[in-house]
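Report on the following structure.
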Amino acid sequence: MIFLVATCLKTGFSRISSLPLSSQSLTEGAVLAMTGRLSLICKNRIDSTYSRPSSMRLTRFFLPILRETPKEAEIVSHRLMLRAGMIRQEAAGIYAWLPLGLRVLNKINDIIREEQNRAGAIEILMPTIQSADLWRESGRYDAYGKEMLRIKDRHEREMLFGPTNEEMVTAIVRAHVKSYKDLPLNLYHIQWKFRDEVRPRFGVMRSREFLMKDAYSFDLDAEGARHSYNKMFTAYLRTFARMGLKAIPMRADTGPIGGNLSHEFIILASTGESEVFCHKDFLEKSAPEASIAFDDRTVMQGVFDDWTSRYAATSEMHDAQAFAAIAPSDQVSARGIEVGHIFYFGTKYSEPMHAAVNGPDGKETVLQMGSYGIGPSRLVAALIEANHDDNGIIWPDSVAPFKVGLANLKVGDAATDQACADFYEKLERAGVDVLYDDRDERPGAKFATLDLIGLPSQVIIGPKGIADGLVEVKDRRTGARDMLTPEAALNRLTA
RNA sequence: CGGGGUAUGGCGCAGUCUGGUAGCGCGGAAGUUUUGGGUACUUCAGGUCGUAGGUUCGAAUCCUGCUACCCCGACCA
């Protein structure tokens, strides 16, 4: 907290207050500042950055749908993302995010943010471009190899496009954190990374430029670090569950990041890249409640122990004997996609970079660190891999770009236009994101479009239904269709 | 980084072998028709055939260099 206040002041409090906050939030901010909770002013500012329009008429939107599949798209998520106009490739492994894709990406980011904040992590934003000197301190400048995109500025200074941020965040913390009283600290950001993959493929599933949420924890001792690890572990379970995904934590190799404790979070999808083996119990487990005590070490360790008590491994870490010991009816052998990876690596960076604080005993103590990654851009693809059918995408409610697709089956028919406009307005007023297909198109084209972009609910309004005072509500996932009065339809969609 | 391939309108493709100045489907525009699961027809617009050079009277087509992209393998959030 002390650290946060200091940071707000240092980064220019005047700049923050000059931003166009609403008068209400400004007042709230002022009151909070007086009560000492200055950090919330920063939060207001961050939230305002992410305000975005909710509902949209398709004729005013930018949704470049493709009827045919571009030949380069190999896997279903890549095909559907291109066809649904979510992304556009700009170079190998580099994509532009179009409106529909960006909306999903932002929804994912929102969920990640909420759960990171809930677990006590604090959002920052570090740059994409870093100085080579920083990486020389940790010794990784030479170790990282060709995956690192190295660039020079006009003064011939060596720079790089960050593939990760351990060094930078360690530099930030060592500069400002001097006392054990400032700990524990967990800083995260959601920022674009670049890893110059030899062979990018599968669209945003394995791209060179990708969005990553990376959190970094700093603790005085190993016990504290372990608790930080467990908190992130729990936050991850909640994060993925909220996206409708069954994410299974699997013990992982620490790889080039180093350390001795690491878990990958794998979601099951028939088109997943890696082979995974786990106990059937994982499929039934539900994530911890939002109200769980993140600050209680015993509780957090309990979550960790519970979720790691049964067998789960990717093919690299697979122990056939241990797996065979499970009752055959409880064995699950499937394919999976890695969507998160957490590490505890102790002093691997803090030691060489001299990130230390004075402990209660007055002695200098090197910080214990961990890092925790989630790939939001990859998650967009992973979600599609896990949620689609022959007709297109099927978004889980929590990440859907719009909740409802409203199809006007006869644009130009006064009664139909009126009914659609009414319904659109009512949904909008109820706070339900709706995409209104008001194009002058054939019904078939509208059905195909809505199925392709996968909005959870479809409301279909045409002259035939109107004559009976009814609209059709279709559930994209089940395909179930019901003829309802507009009132009943509205009730169902706002429930 | 090894191996294989592709490059022709926004997308998918034919034409390349056998050189003669570019075509089909989808998409786009205009219209007629149609209207509850991608309607049919008509008309129109849109391409210096990835790029640089060479051969030739003439190059999308043959030759050489370069570039980009894709696929398989090793590697990765």
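Per chain, numbering begins at 1; letters A, B, ... match sequence-line order. These numbers come from the heavy atoms of this one structure, side chains and all, not from hydrogens, waters or symmetry mates. Given the structure is predicted, the values throughout are model-derived calculations rather than measurements.
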Taking 4.0 angstrom as the limit, do [X] and [Y] come out as a salt bridge?
X	Y	result
A:K193	A:D214	yes
A:D433	A:R103	yes
A:E428	A:K426	no

Contact under 4.0 Å: [X] side-chain N or O vs [N] OP1/OP2:
X	N	answer
A:R378	B:A77	no
A:K213	B:A77	no
A:R83	B:C26	no

Nearest-Å distance for atom pair [atom1]/[atom2], residues [X] and [N]:
X	N	atom1	atom2	value
A:K71	B:G10	NZ	P	14 Å
A:E441	B:G36	CD	P	14 Å
A:L66	B:C11	CG	P	8 Å
A:L82	B:C70	CG	P	11 Å
A:R140	B:C76	CZ	P	14 Å
A:R442	B:C41	CZ	P	13 Å
A:R476	B:G37	CZ	P	17 Å
A:Y188	B:A77	OH	P	22 Å

Same-atom distance ([atom1]) from [N] to [M], integer angstrom:
N	M	atom1	value
B:A14	B:A7	P	8 Å
B:C49	B:U21	C1'	12 Å
B:G46	B:U61	C1'	23 Å
B:A29	B:C76	P	48 Å
B:U6	B:G10	P	22 Å
B:A22	B:U48	C1'	13 Å
B:A59	B:A52	P	14 Å
B:G23	B:A45	P	12 Å

Who does [N] pair with, Watson-Crick or G-U, both distances under 3.5 Å?
N	value
B:G28	B:C44
B:C1	B:G73
B:A7	B:U67

With heavy atoms under 4.0 Å as the rule, sort [X] into base, sugar-phosphate or nothing.
X	result
A:A448	base
A:Q89	sugar-phosphate
A:S377	nothing
A:S207	base
A:D214	nothing
A:G373	nothing

Legend entry - 5'-most by nearest nucleotide on RNA chain B - A:E147 or A:Q458: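 The residue whose closest nucleotide sits nearer the 5' end is A:Q458.
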
Legend entry - Residue whose nearest RNA chain B nucleotide is more 5′ - A:R481 or A:G340: A:R481

Inset, instruction - May I have the step-by-step check of side chain to side chain contact (heavy atoms under 4.5 Å, CB included) for A:R195 and A:E209, ending in yes or no? - result: CA-CA 7 Å; A:R195 292 183 192 169; A:E209 186 182 62; over 6 Å; no

Inset, instruction - Compare the minimum distances between each of B:A77, B:G36, B:A74 and the side chain of A:M212, then state the nucleotide with the smallest one. - result: B:A77

Inset, instruction - Go through B:G12, B:A77, B:C1 for me and flag the one nearest to the A:K146 side chain. - result: B:C1

Mark yes or no for a side-chain to base donor-acceptor pair under 3.5 Å between [X] and [N], with no hydrogen or angle criteria applied.
X	N	result
A:K474	B:G37	yes
A:E68	B:G27	no
A:R195	B:C76	no

Legend entry - Test ring pair (Phe, Tyr, Trp, His ring centres under 6.0 Å) applied to A:H263 and A:Y236, A:F304, A:Y344, the passing residue: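 Option passing the ring pair (Phe, Tyr, Trp, His ring centres under 6.0 Å) with A:H263: A:F304.
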
Inset, instruction - Would you kindly check if the NZ (Lys) or CZ (Arg) of A:R150 is within the cone defined by 45 degrees around the ring axis of A:Y141 and under 6.0 Å from the six-membered ring centre? - result: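 Checked: cation-pi criterion met.
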
Inset, instruction - Would you verify whether the NZ or CZ of A:R57 falls within 45 degrees of the ring axis of A:Y424 while also being under 6.0 Å from that six-membered ring's centre? - result: yes

Legend entry - A:F210-B:A77 aromatic stacking (under 5.5 Å, under 30°):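 The ring of A:F210 is stacked on B:A77.
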
Inset, instruction - Side-chain contact test, heavy atoms from C-beta onward, threshold under 4.5 Å: evaluate it for A:W395 versus A:L383 and give yes or no. - result: yes

